[in-house]
**Q** 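One structure, pasted below without further comment.
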Amino acid sequence: MTIDLIGFTPLAALAGGVLIGLAAAMFVLFNGRIAGISGIVGGLLRPKEGDVSWRLAFVIGLIAAPVTYQLFAALPASRIDASDTVLVIAGVLVGVSTRYGAGCTSGHGVCGLSRLSARSLVATLLFMGAGFATVFVMRHGGV
Amino acid sequence: MNALFSFFAGLVFGIGLIVSGMSNPAKVLGFLDLAGKWDPSLALVMAGAIGVGLAAFALAKRRHTSWLGLPMVLPVARHIDRRLVMGSLLFGVGWGLAGICPGPALVLVGAGVAKGLIFAVAMLAGMGVFELLERYAQRH
């Protein structure tokens with residue numbers, strides 16, 4: 001293993017992480033909810049009275065984030081190397097699995113670990129492990 | 001008020017994803033690629049988020065209602081079951097294939113990235129399939 005010293009952005013990563021933590025903190029303290037994106041979005045597909053507007057508002061906030069960011073600075077470059085076919089497979093997989101496993105990087109990773117939940121720790125170790133393994137096979141497995 | 005605070009939480013969350021680099025799938029894959037040139041940035045994203053989150057959730061756990069007077073809805077599930085294990089493993093595979101998880105998918109949609117939109121639509125379809133399977137399982 002070699003560390004990518006050029007790509008490594010510790011200060012931006014830490015600052016962005018603190019913002020994510022503040023958003024999750026604000027959400028649980030004001031709204032009384034877990035900022036788990038897959039749960040918030042997935043709940044929209046199971047609409048209950050009084051349960052739709054706050055979910056939609058959160059999703060709109062997320063979508064509005066790059067638009068708002070652009071008012072002050074140019075968006076940092078993003079690159080997606082996956083082909084459209086791989087994106088569709090990955091998207092469906094992420095959609096089904098996060099609902100089945102009741103959480104993703106935000107719900108289990110950020111909020112669950114902050115709550116000191118053993119369940120979320122297991123989930124986070126498993127999806128991180130599977131993520132490492134998948135990238136290893138894709139990049140170094142001769143696929 | 002509920003929706004307004006929810007909007008701002010989503011907005012700050014999204015800006016955090018952009019600032020941290022999480023909304024750049026190539027950077028996420030750089031973190032997941034332990035055998036290549038490893039970019040440890042995302043470990044610091046988690047550290048920053050959890051550092052703030054620990055204090056907030058310690059406070060939230062002691063309350064029955066939120067600061068807006070809404071019920072505190074925290075997860076009650078404790079046991080580690082097949083759903084959690086299988087769901088998390090499959091999520092990791094999907095995450096590793098494209099470098100995109102649900103939050104960044106929506107940020108990429110807002111940024112007008114076509115490939116991000118493809119992923120997001122597929123993700124919503126996947127969530128829809130899950131709902132249909134759940135409803136089917138409940139009836140049978």
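Order of the sequence lines fixes the chain letters, A, B, ..., with proteins taken first and strands second; residue numbering starts at 1 for each chain.
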**Q** If I compare all heavy atoms of Gly7(A) with all of Lys27(B), which pair ends up nearest, and what's the gap?
**A**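 In terms of heavy atoms, the two residues are closest at O-NZ, 2.8 Å.
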**Q** Hey, could you give me the CZ/CG distance between Arg33(A) and Leu70(B), rounded to the nearest 0.5 Å?
**A**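 It is 8.5 Å, given to the nearest 0.5 Å.
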**Q** Heavy-atom pairs under 4.5 Å with chain B: which of Leu11(A), Val122(A), Leu56(A), Ile40(A) has the most?
**A**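 Of the options given, most contacts go to Val122(A).
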**Q** Would a 4.5 Å heavy-atom cut-off, applied to side chains only, mark Asn2(B) and Ser53(A) as touching?
**A**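 Counting from C-beta outward, Asn2(B) and Ser53(A) never come under 4.5 Å.
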**Q** Using non-hydrogen atoms only, which part of Leu4(B) is less than 4.5 Å away from chain A: side chain, backbone, both, or neither?
**A**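 Neither part, no heavy atoms under 4.5 Å.
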**Q** Under 4.5 Å from any heavy atom of chain B, what part of Phe136(A) do you find: side chain, backbone, both or neither?
**A**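 When you check distances to chain B, only side chain atoms of Phe136(A) fall under 4.5 Å.
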**Q** Going hydrophobic residue to hydrophobic residue with side-chain gaps under 4.5 angstrom, can you get from Leu59(B) over to Met72(B)?
**A**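 As far as the 4.5 Å side-chain criterion goes, Met72(B) and Leu59(B) are connected within one cluster.
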**Q** Could you tell me whether the side chain of Asp81(A) reaches within less than 4.5 Å of the side chain of Leu29(B), counting heavy atoms only?
**A**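 No, too far: nothing below the 4.5 Å cut-off.
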**Q** Taking the side chain as C-beta and beyond, is there a heavy-atom pair between Phe8(A) and Leu44(B) under 4.5 Å?
**A**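 The answer is yes; the side chains approach within 4.5 Å.
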**Q** Please look at Val121(B) and chain A and tell me whether the side chain, the backbone, both or neither of the residue comes under 4.5 angstrom of a heavy atom of that chain.
**A**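 No part of it gets close to chain A.
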**Q** For Leu87(A), is there any backbone N or O sitting under 3.5 Å from a side-chain donor or acceptor partner on Lys115(B)?
**A**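 Between the backbone of Leu87(A) and the side chain of Lys115(B) there is no qualifying donor-acceptor contact (under 3.5 Å).
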**Q** Any salt bridge between Asp81(B) and Arg119(A), counting N to O under 4.0 Å?
**A**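 Looking at Asp81(B) and Arg119(A), the cut-off is met.
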**Q** Determine the option with the most heavy-atom pairs under 4.5 angstrom with chain B, choosing from Phe132(A), Phe27(A), Trp54(A).
**A**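 Heavy-atom pair counts peak at Phe132(A).
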**Q** Considering only heavy atoms from C-beta outward, does the side chain of Pro102(B) approach that of Val94(A) to under 4.5 Å?
**A**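 Pro102(B) vs Val94(A): side chains touch.
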**Q** Compare all side-chain heavy atoms of Leu74(B) with those of Val28(A) and state whether any distance is below 4.5 angstrom.
**A**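 Sidechains of Val28(A) and Leu74(B): in contact.
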**Q** With only heavy atoms counted, which part of Lys61(B) is less than 4.5 Å from chain A, the side chain, the backbone, both or neither?
**A**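 The answer is the side chain of Lys61(B).
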**Q** Got Leu116(A) and Leu54(B) here, is their nearest side-chain heavy-atom distance under 4.5 Å?
**A**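 Yes, at least one pair of side-chain atoms sits under 4.5 Å.
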**Q** Does any backbone or side-chain atom of Ile80(A) lie under 4.5 Å from a heavy atom of chain B? Answer side chain, backbone, both or neither.
**A**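 Both parts, heavy atoms under 4.5 Å.
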**Q** Heavy-atom pairs under 4.5 Å with chain B are the metric here; pick the option from Ile89(A), Val67(A), Thr98(A) that has the most.
**A**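 That would be Thr98(A).
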**Q** Given that the side chain runs from C-beta out, which part of Leu133(B) has a heavy atom under 4.5 Å from chain A: side chain, backbone, both or neither?
**A**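 The answer is neither part of Leu133(B).
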**Q** Need one label for Pro75(B): side chain, backbone, both or neither, based on atoms under 4.5 Å from any heavy atom in chain A.
**A**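 For Pro75(B), heavy atoms of backbone and side chain both lie under 4.5 Å from chain A.
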**Q** Looking at Ser20(B) and Ile20(A), what are the two nearest heavy atoms and their distance?
**A**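 Shortest heavy-atom separation between Ser20(B) and Ile20(A) comes out as OG-CD1, 4.2 Å.
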**Q** Identify the heavy atoms of Val107(B) and Pro66(A) that sit nearest to each other, and give their distance.
**A**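 Answer, listing the atom of Val107(B) first, then Pro66(A): O-CG, 3.3 Å.
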**Q** Taking atom CZ of Arg99(A) and atom CE of Met123(B), what is their separation to the nearest 0.5 Å?
**A**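 Atom-to-atom, Arg99(A):CZ and Met123(B):CE are 11.0 Å apart.
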**Q** Can you check whether Leu106(B) reaches Ile37(A) side chain to side chain, under 4.5 Å on heavy atoms?
**A**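 Side chain of Leu106(B) against side chain of Ile37(A), heavy atoms only: contact under 4.5 Å found.
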**Q** Would you say Asp33(B) and Asp4(A) make side-chain contact, with heavy atoms under 4.5 Å?
**A**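 Asp33(B) does not reach Asp4(A) side chain to side chain.
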**Q** Please flag which part of Pro71(B) lies under 4.5 Å from any non-hydrogen atom of chain A: side chain, backbone, both or neither.
**A**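 The answer is the backbone of Pro71(B).
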**Q** Which one, Ala73(A), Ser83(A), Ala25(A), Ala123(A), leads in non-hydrogen pairs under 4.5 Å with chain B?
**A**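 Max contact count across the listed options: Ala123(A).
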**Q** If I measure from the heavy atoms of chain A, does Ala58(B) come under 4.5 Å with its side chain, its backbone, both, or neither?
**A**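 Neither part.
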**Q** Do Val109(B) and Val86(A) land in one hydrophobic cluster if side-chain heavy atoms of ILVMFWY residues count as linked below 4.5 Å?
**A**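 Different hydrophobic clusters.
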**Q** Enter the distance from Phe13(B):CZ to Leu19(A):CG here, rounded to the nearest 0.5 Å.
**A**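 Between Phe13(B) CZ and Leu19(A) CG, I get 11.0 Å after rounding to 0.5 Å.
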**Q** Ser78(A) side chain to Asn24(B) main-chain N or O, any donor-acceptor pair under 3.5 Å?
**A**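 Side chain of Ser78(A) to backbone of Asn24(B), a donor-acceptor pair under 3.5 Å: no, none is there.
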**Q** At a 4.5 Å cut-off on heavy atoms, which part of Arg139(A) comes close to chain B: side chain, backbone, both, or neither?
**A**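 Only the side chain of Arg139(A) comes within 4.5 Å of chain B.
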**Q** Decide whether Val96(A) and Met86(B) are clustered together by the hydrophobic rule: side chain heavy atoms of Ile, Leu, Val, Met, Phe, Trp, Tyr closer than 4.5 Å, transitively.
**A**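 Cluster IDs for Val96(A) and Met86(B) differ.
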**Q** Among Asp84(A), Val88(A), Thr68(A), Ile60(A), which residue forms the greatest number of heavy-atom pairs with chain B at distances under 4.5 Å?
**A**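 Option with the greatest count: Asp84(A).
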**Q** Where the side chain of Thr134(A) meets the backbone of Leu97(B), is there a donor-acceptor pair that is under 3.5 Å apart?
**A**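 No, because the side chain of Thr134(A) does not come within donor-acceptor range (under 3.5 Å) of the backbone of Leu97(B).
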**Q** Among Gly107(A), Ala35(A), Ala12(A), which residue has the highest count of heavy-atom pairs closer than 4.5 Å to chain B?
**A**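 Winner by heavy-atom pair count: Ala12(A).
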**Q** Roughly how far, to the nearest 0.5 Å, is the CE atom of Met128(A) from the CG atom of Leu42(B)?
**A**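 Taking CG in Leu42(B) and CE in Met128(A), the distance rounds to 7.5 Å.
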**Q** Given a strict heavy-atom distance threshold of 4.5 Å, which part of Leu89(B) is in contact with chain A: side chain, backbone, both, or neither?
**A**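 Both backbone and side chain.
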